Participant: 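Let me begin by handing over the structure; questions about it come next.
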Number of protein chains: 2
Amino acid sequence: MATPNIVEVASLIGDESRAAMLMNLLGGRALPASELARAARVTPQTASSHLAKMVEGGLLVHEAYGRHRYYRLASEEVGQALEALNAIALPKPVRSLRESDQSKALHFARTCYDHLAGEVGVALTDRMLELGLIRAEGRDYVVTTDGAKWFPDFGIDLDGIRRGRRHFARECLDWSERRHHLAGALGAALTNRLFDLGWIERVPGGRAVRVTRTGFARLESDLGATFEESRKGAKISESPSV
Amino acid sequence: MATPNIVEVASLIGDESRAAMLMNLLGGRALPASELARAARVTPQTASSHLAKMVEGGLLVHEAYGRHRYYRLASEEVGQALEALNAIALPKPVRSLRESDQSKALHFARTCYDHLAGEVGVALTDRMLELGLIRAEGRDYVVTTDGAKWFPDFGIDLDGIRRGRRHFARECLDWSERRHHLAGALGAALTNRLFDLGWIERVPGGRAVRVTRTGFARLESDLGATFEESRKGAKISESPSV
DNA sequence: CAAAATATTCGACCATCATCGAAGTGTGGA
DNA sequence: TCCACACTTCGATGATGGTCGAATATTTTG
């Protein structure tokens, strides 16, 4: 056949346990094998087997720290492929109220590989476009002259980012909003900054993200970004909790 | 689990026979079950089973014409997911000289869903951008005032296309060139026109496309588009065959 | 109407592979 | 050194699913 090994890649993703692990890693962090085993509800032996296959297949990479072994997605492209598959997956049957809540949380804000996605990610990107901080150009975003002033003020080192060999700022289409948001090195840096500032925080045990009370206030006052009131109340958290 | 049925979709693609069928359908045309069975080198029974599963899974749709049943990709998103998977697939081992030729032909020119991709597709799009006939705007292309004159002259009914509910002109990233080219309704219309004019023609048994002798001449004289000389010689065909 | 072509369903066979128990490797701490 | 912990490898088991032969619609052709 003239086809590349798309079959291998797809069949790796097409397993319940492995998909569960990949979805957890789509949060962007590197996770130890034991936690991935727990996430997929399989024994460590089974998980180890799966992880080895996914490394072999080019989906994951691993780093050893002490007696732990951390796994993460091999590249940005892997994350994009996972999102693309999500986009064509049939609407999921919601099984419980708890799952419905988690689903809403995911739609509202989540990490996609290492940048912000969901309603918040899209709204933030839209707002930066409206303010003329960035501009869409093909599949990439470019920082405008206004943006070249704003980003450093916000605590983001543009030159440092540019020195890396990673894509500077790409468009990423997400499955829930079906619209674009900022990805690439700039998207990751912005997201990290938001975490550092305490405007957003991770929801433990998944890739959902919560916007904090200060986050809502500052996003509105500094950027003029607004979100649906109904969801706002439900997602506010004053203190990090489990 | 909180995950959608990404597992089902991925495992559908993760089968040798089904992937072969999907790759053929990525050309954009609707193909009968028998031809897909031949492409995947399986019996009609097996193919029928696979096709039913892919329809069930939302990857394909079918239309009945007489005693034939034509299958095609269910949506543009499916094509994009396939391209995304191709992008992370490991570099393909070329097994034979014949396959190498086919691989080169695919890189040079092919249909992607229903528009032109490969080196030719990218070059054509670049040239239209340089001539100011179209302009990139976000993920879409828009027709300029110059373009509004040029396209009808070329035999393309812009108003007719706009009346459809399909995306007018989108960007599409292909895996071989890793660059953009014109897709959407306008891209499809342009490609059809090139077929009608006899500037390009399908290579039987695949999604590769051949640029005819007149095609090369007219693309160069009318648009100023040029291609690599080395490949040019190998791909010229004087008379439409089969 | 008969014969050929297209595509489907049913049933059986067989290979693949996910899973886990048991045992092994290597690291960290007392 | 001994033990606990994280992870891996090996081997056996069981289930899923791809494959094709045979039979069944349905439509086109002669």
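Bear in mind the structure is a predicted one, so any value in this text is a computation, not a measurement. To find a chain, count down the sequence lines: A is the first, B the second, and so on, and within it residues start at 1.
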Participant: Give a yes/no on whether any side-chain N or O of Ser17(B) is located under 4.0 angstrom from OP1 or OP2 of dT19(D).
Facilitator: yes
Participant: Indicate, with a heavy-atom threshold strictly under 4.0 Å, whether Tyr71(A) touches base, sugar-phosphate, or nothing.
Facilitator: sugar-phosphate
Participant: With a 4.0 Å limit, can you tell me whether Ser34(A) has a side-chain N or O closer than that to the phosphate oxygens OP1/OP2 of dC7(D)?
Facilitator: yes
Participant: Does the side chain of His62(B) get closer than 4.0 angstrom to OP1 or OP2 of dA7(C) through an N or O atom?
Facilitator: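 Checking His62(B) against dA7(C): no side-chain N or O falls below 4.0 Å of OP1 or OP2.
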Participant: Considering all heavy atoms of both residues, which atom of Ala47(A) and which atom of Ala37(A) are nearest to each other, and what is their separation?
Facilitator: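 Reported closest heavy-atom pair: CB-CB, 3.5 Å.
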Participant: Phosphate oxygens OP1/OP2 of dG18(D): is one of them under 4.0 Å from a side-chain N or O of Ser49(B)?
Facilitator: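 Looking at the OP1 and OP2 atoms of dG18(D), neither is under 4.0 Å from any side-chain N or O of Ser49(B).
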Participant: Counting N and O atoms only, with roles assigned by atom type, does the side chain of Thr191(A) sit under 3.5 Å from a partner on the main chain of Gly187(A), one being a donor and the other an acceptor?
Facilitator: yes
Participant: Picking from Val42(A), Leu36(A), Leu22(A), what satisfies side-chain contact (heavy atoms from CB on, under 4.5 Å) with Ser17(A)?
Facilitator: Val42(A)
Participant: Find the distance Glu35(B):CD to dT6(C):C1' and express it as a whole number of Å.
Facilitator: 13 Å
Participant: Can you measure Asp15(B) atom CG to dT16(D) atom P for me and round it to whole angstrom units?
Facilitator: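 Distance, rounded to whole Å: 17 Å.
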Participant: Do NZ/NE/NH1/NH2 and the carboxylate oxygens of Arg170(A) and Glu76(A) come within less than 4.0 Å?
Facilitator: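 Salt bridge between Arg170(A) and Glu76(A), a charged N being under 4.0 Å from a carboxylate O: no.
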Participant: Measuring from the side chain of Arg67(A) (C-beta onward, heavy atoms only), which nucleotide among dG26(C), dC20(D), dT8(C) has the closest atom?
Facilitator: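 In terms of side-chain proximity for Arg67(A), the closest of dG26(C), dC20(D), dT8(C) is dG26(C).
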Participant: Send over the distance from His68(A) NE2 to dA4(D) P, rounded to a whole Å.
Facilitator: 17 Å
Participant: To the nearest Å, how far apart are Glu16(B) CD and dC17(C) P?
Facilitator: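 My rounded result for the distance is 11 Å.
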Participant: For the pair made of CG in Leu31(B) and C1' in dA7(C), what is the distance, rounded to whole Å?
Facilitator: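 In whole Å, dA7(C) C1' lies 15 Å from Leu31(B) CG.
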Participant: What orientation do Trp199(A) and Phe154(A) show, parallel under 30°, tilted 30 to 60°, or perpendicular over 60°?
Facilitator: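 The arrangement is perpendicular - the two ring planes meet at more than 60°.
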Participant: Nearest whole angstrom, please: distance from the C1' of dA18(C) to the CZ of Arg41(A).
Facilitator: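 My rounded result for the distance is 17 Å.
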Participant: Given atom CZ of Arg38(A) and atom P of dC5(D), what is their separation to the nearest angstrom?
Facilitator: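 To the nearest whole Å, that distance equals 17 Å.
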Participant: From the options dG18(D), dT9(D), dT8(C), select the nucleotide whose nearest atom is closest to the side chain of Ala33(B).
Facilitator: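 Minimum distance to the Ala33(B) side chain belongs to dT8(C).
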Participant: From dT19(D), dA18(C), dT8(D), pick the nucleotide closest to the side chain of Thr46(B)?
Facilitator: dT19(D)
Participant: Between His50(B) and dT19(D), is there a contact of a side-chain N or O with OP1 or OP2 at under 4.0 Å?
Facilitator: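 His50(B) to dT19(D) OP1/OP2: side-chain N or O found under 4.0 Å.
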Participant: Do any side-chain nitrogens or oxygens of Lys53(B) fall under 4.0 Å of OP1 or OP2 in dG18(D)?
Facilitator: yes
Participant: Between dG18(D), dT8(C), dG21(C), which nucleotide has the shortest distance from any of its atoms to the side chain of Thr43(A)?
Facilitator: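 So the nucleotide nearest the side chain must be dG21(C).
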Participant: Within the structure provided, determine whether Pro32(A) and Arg69(A) are in side-chain contact (heavy-atom separation under 4.5 Å).
Facilitator: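 Side-chain contact under 4.5 Å: no.
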Participant: If only side-chain N and O atoms of Arg69(B) are considered, is one of them under 4.0 Å from the OP1 or OP2 phosphate oxygen of dT6(C)?
Facilitator: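 Indeed not, no polar side-chain atom of Arg69(B) lies that close.
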Participant: Can you tell which of dA18(C), dT19(D), dC20(C) lies closest to the side chain of Val42(A)?
Facilitator: dC20(C)
Participant: Out of dC7(D), dC20(D), dC20(C), which has the shortest distance to the side chain of Gln45(B)?
Facilitator: dC20(D)
Participant: How many whole angstroms separate atom CG of Leu12(A) from atom P of dT16(C)?
Facilitator: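 To the nearest whole Å, that distance equals 16 Å.
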Participant: May I ask you to evaluate whether Arg18(B) reaches the phosphate of dG18(D), defined as a side-chain N or O under 4.0 Å from OP1 or OP2?
Facilitator: yes
